[in-house]
Amino acid sequence: QVQLVESGGGLVQAGGSLRLSCAASGRTFSNYAMGWFRQAPGKEREFVAGISWSGRSTYYADSVKGRFTISRDNAKNTVYLQMNSLKPGDTAVYYCATARVMGVMTHPGEYDNWGQGTQVTVSS
C-alpha cells in the first residue's frame, strides 16, 4: 500500500502559477508511473499529466499542454506539477495517483492509489 499526500494548492489569479507536490511513502516509489488528475464540481475526474517510472516519458492532456509540467524526484519520493498561465477553467481538486504499471497511463482505472486531493482555485 502507498500513502500519497498532496500539497501546494490554493487561490491564485488568472495568469498566475502554482506548484503542486505529492509525497509518497510505503512502497518503492521508483517502480511505477505517477499521474495527476483533477475533478471540478459536477464533473468526472479527468487526467491532467502523467510521468513514467524513470521520468523520461511524460504525457499531458491537451487542455494543459504547454502550461503544466510534471516531474519527479525518486530520491525524495515526490512528484510535482508546475502549473503556469492558470485559467479559471483549471479550478478543481487535484489528485496524484500511482499507476499499476511503469509506463504512463491516462485512464483513472489504471491507477491504484490516490491522495486526498488539494484544492486549486483560479479567479478571473
With hydrophobic residues grouped by side-chain heavy-atom distances under 4.5 Å, do V12 and L20 end up in a single group? yes

Option from D90, V93, L81, V120 for which side chain to side chain contact (heavy atoms under 4.5 Å, CB included) with R38 holds: D90

Any side-chain heavy atom of I70 sitting closer than 4.5 Å to one from Y80? no

d(R45 CZ, Q39 CD) to nearest 0.5 Å is 5.0 Å

Could you state whether V48 and L4 fall into the same hydrophobic cluster, counting links through intermediate Ile, Leu, Val, Met, Phe, Trp or Tyr residues with side-chain heavy atoms under 4.5 angstrom apart? yes

Measuring from K87:NZ to S124:OG, what's the distance to the nearest 0.5 Å? 14.0 Å

Determine which pairs satisfy disulfide (SG to SG under 2.5 Å) with at least one residue from residues 11-107, sequence neighbours left out, and list them in order. C22-C96

Quick one: does F68's side chain get under 4.5 Å of T58's, heavy atoms only? no

Show me the pairs that pass disulfide (SG to SG under 2.5 Å) and involve residues 33-63, at least two apart or across chains. none

Identify whether Y59 and I51 are in the same connected component of the hydrophobic contact network (ILVMFWY, side-chain heavy atoms under 4.5 Å). no

Any sub-3.5 Å donor-acceptor pair from R100's side-chain atoms to Y32's backbone N or O? no

Hphob cluster co-occupancy, W36 + V64, side-chain heavy atoms under 4.5 angstrom: yes

Heavy-atom side-chain proximity of R19 to M83 below 4.5 angstrom: no

Counterpart residues, side-chain hydrogen bond (donor to acceptor under 3.5 Å, both in side chains), relative to T69 (two or more places apart): none

Which atom of A33 lies closest to which atom of G103, heavy atoms considered: CB-O, 3.2 Å

Nearest 0.5 Å please: distance from the CG atom of N77 over to the CD atom of Q3. 11.5 Å

Give the C-alpha distance, both sets of side-chain angles, the deciding distance and a yes or no for side-chain hydrogen bond (donor to acceptor under 3.5 Å, both in side chains) between S17 and N84. CA-CA 4 Å; S17 298; N84 298 328; 2.9 Å; yes

Once ring-ring contact (aromatic ring centres under 6.0 Å, His included) is applied, what residue pairs with a partner in residues 88-124 remain, sequence neighbours excluded? F37-Y111, F37-W114

For S85, does its backbone N or O pair with a side-chain atom of R67 as donor and acceptor, under 3.5 Å? yes

Looking at T121, is its backbone amide N or carbonyl O close enough to the side chain of T91 to form a donor-acceptor pair, meaning the two atoms are under 3.5 Å apart? no

Under 3.5 Å, is there a donor-acceptor pair between the D112 and T98 side chains? yes

Partner residues of K43 under the side-chain hydrogen bond (donor to acceptor under 3.5 Å, both in side chains) criterion, sequence neighbours left out: none

Polar side-chain atom of E6 near backbone of Q116 as donor-acceptor pair, under 3.5 Å: yes

Remaining members of M102's ILVMFWY cluster at a side-chain heavy-atom cut-off under 4.5 Å? W53

Joint cluster assignment, M105 & Y60, ILVMFWY side-chain distance < 4.5 Å: no

